[in-house]
Asks: 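Handing you a structure now.
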2 protein chains.
Amino acid sequence: MPSTIKDVAARAGVSLATVSRYINGTGKLRPATAERVNAAIAELGFRPNAVGRSLSTSHTKSLGVVIPSLSNPVFSDAVSGINEAARAEGYRLMFTSTEYNRAEEVEAVSSLLEYRVDGLILTVADAEEAPALDLLEAAGVPYTLLYNQSGRSARPAVTIDNVAAGREVAQHLLALGHQRLGMVSGSFSASDRAMARRDGFTAEIVARGFPAPRVLEVDFVNSEVEEALVLLMRDRDTAPTALFCSNDLLAISVIGALERIGLNVPEDVSVLGFDGIAIGTHLHPTLTTVVQPSRDMGQTATRQLLACLQGGSDPDTMILPYRLQIGESVGPAAKPSPTGPSELNQTK
Amino acid sequence: MPSTIKDVAARAGVSLATVSRYINGTGKLRPATAERVNAAIAELGFRPNAVGRSLSTSHTKSLGVVIPSLSNPVFSDAVSGINEAARAEGYRLMFTSTEYNRAEEVEAVSSLLEYRVDGLILTVADAEEAPALDLLEAAGVPYTLLYNQSGRSARPAVTIDNVAAGREVAQHLLALGHQRLGMVSGSFSASDRAMARRDGFTAEIVARGFPAPRVLEVDFVNSEVEEALVLLMRDRDTAPTALFCSNDLLAISVIGALERIGLNVPEDVSVLGFDGIAIGTHLHPTLTTVVQPSRDMGQTATRQLLACLQGGSDPDTMILPYRLQIGESVGPAAKPSPTGPSELNQTK
DNA sequence: GTGAAAGCGCTAACAC
DNA sequence: GTGTTAGCGCTTTCAC
């Protein structure tokens with residue numbers, strides 16, 4: 001139904017090739033010709049068909065984006081950055097969220113490959129074990145990982161040093177006098193970065209001669225978080241005095257659950273998050289967290305990928321800086337109460 | 001570089017048409033033939049080129065999505081819903097966020113039109129005055145608005161009744177004894193729904209014989225919010241005792257600013273938000289807000305649009321239910337303090 | 001400076 | 001059942 005280059009050519013009394021040249025600015029047109037073409041285009045409301053062009057040029061000027069979820073601001077911020085950087089270079093985004101479903105990863109990538117995106121940016125569950133990435137490599141389509149901890153597999157990624165961040169979190173907590181530390185994480189199998197944070201955290205604690213942290217792996221459902229926490233915190237004399245959460249959303253859940261079971265943050269337990277989502281500074285207590293430059297990471301990944309598309313080289317891994325942001329949710333270790341441990345769940 | 005149908009045909013010793021039929025399941029193949037084709041596809045790692053198919057069929061199985069920003073959970077939730085519903089029907093998403101920039105709206109739509117998306121879902125600044133939509137209509141590409149208050153222009157939309165919601169907010173506040181009400185909104189020119197909420201809010205208040213609310217229109221920058229609030233709240237005897245914010249993100253800013261200038265929520269001022277973003281229930285005080293079924297709205301819009309694509313009919317407007325959710329950020333009107341108005345900014 | 005024509009990968013008549 | 005062929009809308013040699 002929309003008009004084609006052919007219609008424009010007929011109307012302007014020139015050939016297809018001339019119209020094409022006019023549109024793409026390739027080759028010089030006599031001013032008079034250009035004017036006639038221009039007029040024809042305007043009169044017809046002609047809009048070049050990118051599908052035809054893509055078939056002909058074998059590139060689509062579009063990028064695939066695959067992320068686990070949009071509900072976490074960490075990802076939506078990154079996508080904002082991707083969007084901005086892509087648009088600046090005239091690229092469109094084909095977007096998919098997998099909802100943390102690994103099977104979706106390969107389905108999404110397959111589909112994006114059929115659409116012949118020029119490159120992709122993605123966050124997968126586990127960069128070491130990702131059929132979706134193998135697919136991409138087999139297809140020879142450039143991509144760059146975002147957030148993923150691409151360990152020994154050496155896959156191109158824009159990320160932070162999650163292990164170092166985990167260590168720094170441990171140091172911070174230890175420096176505040178906490179001796180019994182714990183970690184609460186979402187499913188490790190859905191997040192290689194959570195694993196890396198745990199590894200750094202644990203390593204540092206052990207290296208300093210403290211007992212390895214108790215690690216709670218929870219399915220991200222509120223009720224389950226609360227249940228698990230009741231168990232973990234039952235005996236205040238042995239329970240952790242500080243909890244490192246693998247991400248801010250989880251930290252927020254944890255703080256809520258803790259308060260519901262009668263524990264105050266940070267007086268009774270300190271809670272530290274990860275990601276640095278904007279809302280963290282508006283909470284009470286404000287979140288202490290490791291902030292990742294999400295938007296910037298998205299932009300960087302995109303620019304890098306785009307550079308490779310023009311240049312031909314393959315993307316490299318880039319480690320961006322993180323920053324420990326001090327909030328109110330972490331305090332100094334409480335001195336053991338002289339009157340003995342306080343009771344939990346006094347409501348009953 | 002990737003293999004084509006032709007390669008597969010050659011390898012399987014059949015014609016292009018046969019391979020095409022196999023892929024699309026159109027027409028019957030002799031089992032033996034099907035097997036050979038299947039083997040050839042596997043051996044070659046063949047993946048059909050959607051660009052070629054689109055050119056041939058003149059549909060792309062892709063939907064355009066244009067929203068103002070991903071930073072507001074209201075939009076990222078909607079996009080999640082869109083993503084889910086689209087994927088269920090085998091459609092891909094071409095995504096753009098305009099960052100509340102109206103010029104971007106038409107640029108995004110133009111570009112999406114070039115890519116020949118089969119339909120679009122979008123939230124524009126103002127549905128009454130949107131060149132981007134005129135473009136779409138001229139092109140005859142089906143679309144449906146999301147969140148927009150498509151007033152007399154009768155453009156197809158999936159939304160809630162923002163006017164009624166505004167009225168209900170007013171009733172709620174009035175019922176709690178508040179007599180001087182205020183509203184804080186982002187730029188009205190960037191949000192027809194904010195206008196509608198204000199209109200309903202104001203109309204109800206005036207209809208009940210109370211003075212029209214003071215309306216603050218702020219550019220969404222924290223410092224500006226605080227400044228404006230200082231002015232508005234200077235004289236506690238005449239200042240509003242309850243503030244209706246046009247969205248939750250703004251409400252959160254407002255609560256923060258209020259506390260910074262020494263006013264407690266809800267003791268000194270009640271604050272009511274709009275949208276029902278998930279984080280609202282984790283704040284202190286928890287947000288009282290009008291919740292929109294964002295994810296559901298995204299899904300509904302998508303399903304409706306998709307139905308039209310198959311059916312041929314044009315999308316209709318659907319008004320979904322909203323729900324006033326009571327939180328702690330709104331309390332009963334404070335009795336005038338017997339000792340006179342409290343001082344502001346006592347910190348200095 | 002401009003035109004003619006081949007071809008990008010696929011689908012859909014239309015034959016056989 | 002399966003093959004042939006003509007496009008879909010565009011870009012791009014290669015002539016002129």
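Naming: A, B, ... by sequence-line order, numbering from 1 per chain. Computation of the quantities below employed the complete heavy-atom set of this structure, encompassing side-chain atoms and omitting hydrogens, waters and symmetry-equivalent molecules.
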Asks: For B:Tyr143, what residues pass the ring-ring contact (aromatic ring centres under 6.0 Å, His included) criterion, not counting sequence neighbours?
Replies: none

Asks: Check salt bridge (Lys or Arg N to Asp or Glu O under 4.0 Å) between A:Glu107 and all other residues, then give those that pass, not counting sequence neighbours.
Replies: none

Asks: Could I get the full list of ring-ring contact (aromatic ring centres under 6.0 Å, His included) partners for A:Tyr147, not counting sequence neighbours?
Replies: A:Phe75

Asks: Starting from the first five and the last five pairs of the helix from C:dG1-D:dC16 to C:dC16-D:dG1, work out the angle between the resulting helix axes, to 10 degrees.
Replies: 40°

Asks: Rounded to whole angstrom units, what separation is found between the OH atom of A:Tyr22 and the P atom of D:dT12?
Replies: 18 Å

Asks: Determine, for nucleotides 9-15 of chain C in 5'-to-3' order, which nucleotides have protein heavy atoms under 4.0 Å from the base (write B), from only the sugar-phosphate (write S), or from neither (write -).
Replies: BBBBBB-

Asks: Output the residues of residues 27-36 of chain B in contact with DNA chain C, where contact means a heavy atom of the residue under 4.0 Å from an atom of the strand; sort by number or write none.
Replies: none

Asks: Would you mind listing every salt bridge (Lys or Arg N to Asp or Glu O under 4.0 Å) that reaches into residues 45-59 of chain B, with sequence neighbours excluded?
Replies: none

Asks: Pairs in or reaching into residues 25-41 of chain A: which pass side chain to side chain donor-acceptor pair (under 3.5 Å), with residues at least two apart or in two chains?
Replies: A:Tyr22-A:Asn38

Asks: Output the rounded distance in Å from NZ (A:Lys61) to C1' (D:dC10).
Replies: 16 Å

Asks: List for me each residue that meets side-chain contact (heavy atoms from CB on, under 4.5 Å) alongside B:Ser58, sequence neighbours excluded, and say none if there are none.
Replies: none

Asks: Sequence neighbours left out, what passes side-chain contact (heavy atoms from CB on, under 4.5 Å) with A:Pro142? Give chain and number order.
Replies: A:Leu305, A:Leu309

Asks: Please, which pairs that meet ring-ring contact (aromatic ring centres under 6.0 Å, His included) have at least one residue in residues 36-66 of chain B, sequence neighbours excluded?
Replies: none

Asks: Partners of A:Asn101 by side-chain contact (heavy atoms from CB on, under 4.5 Å), sequence neighbours excluded?
Replies: A:Ala103, A:Glu104

Asks: Return the value, rounded to whole Å, for the distance between atom CG of B:Leu113 and atom C1' of D:dG9.
Replies: 16 Å

Asks: Would you please confirm or rule out a distance under 4.0 Å between OP1 or OP2 of C:dA4 and any side-chain N or O of A:Ser15?
Replies: no

Asks: How far does CG of B:Leu16 sit from CD1 of B:Ile5, to the nearest 0.5 angstrom?
Replies: 6.5 Å

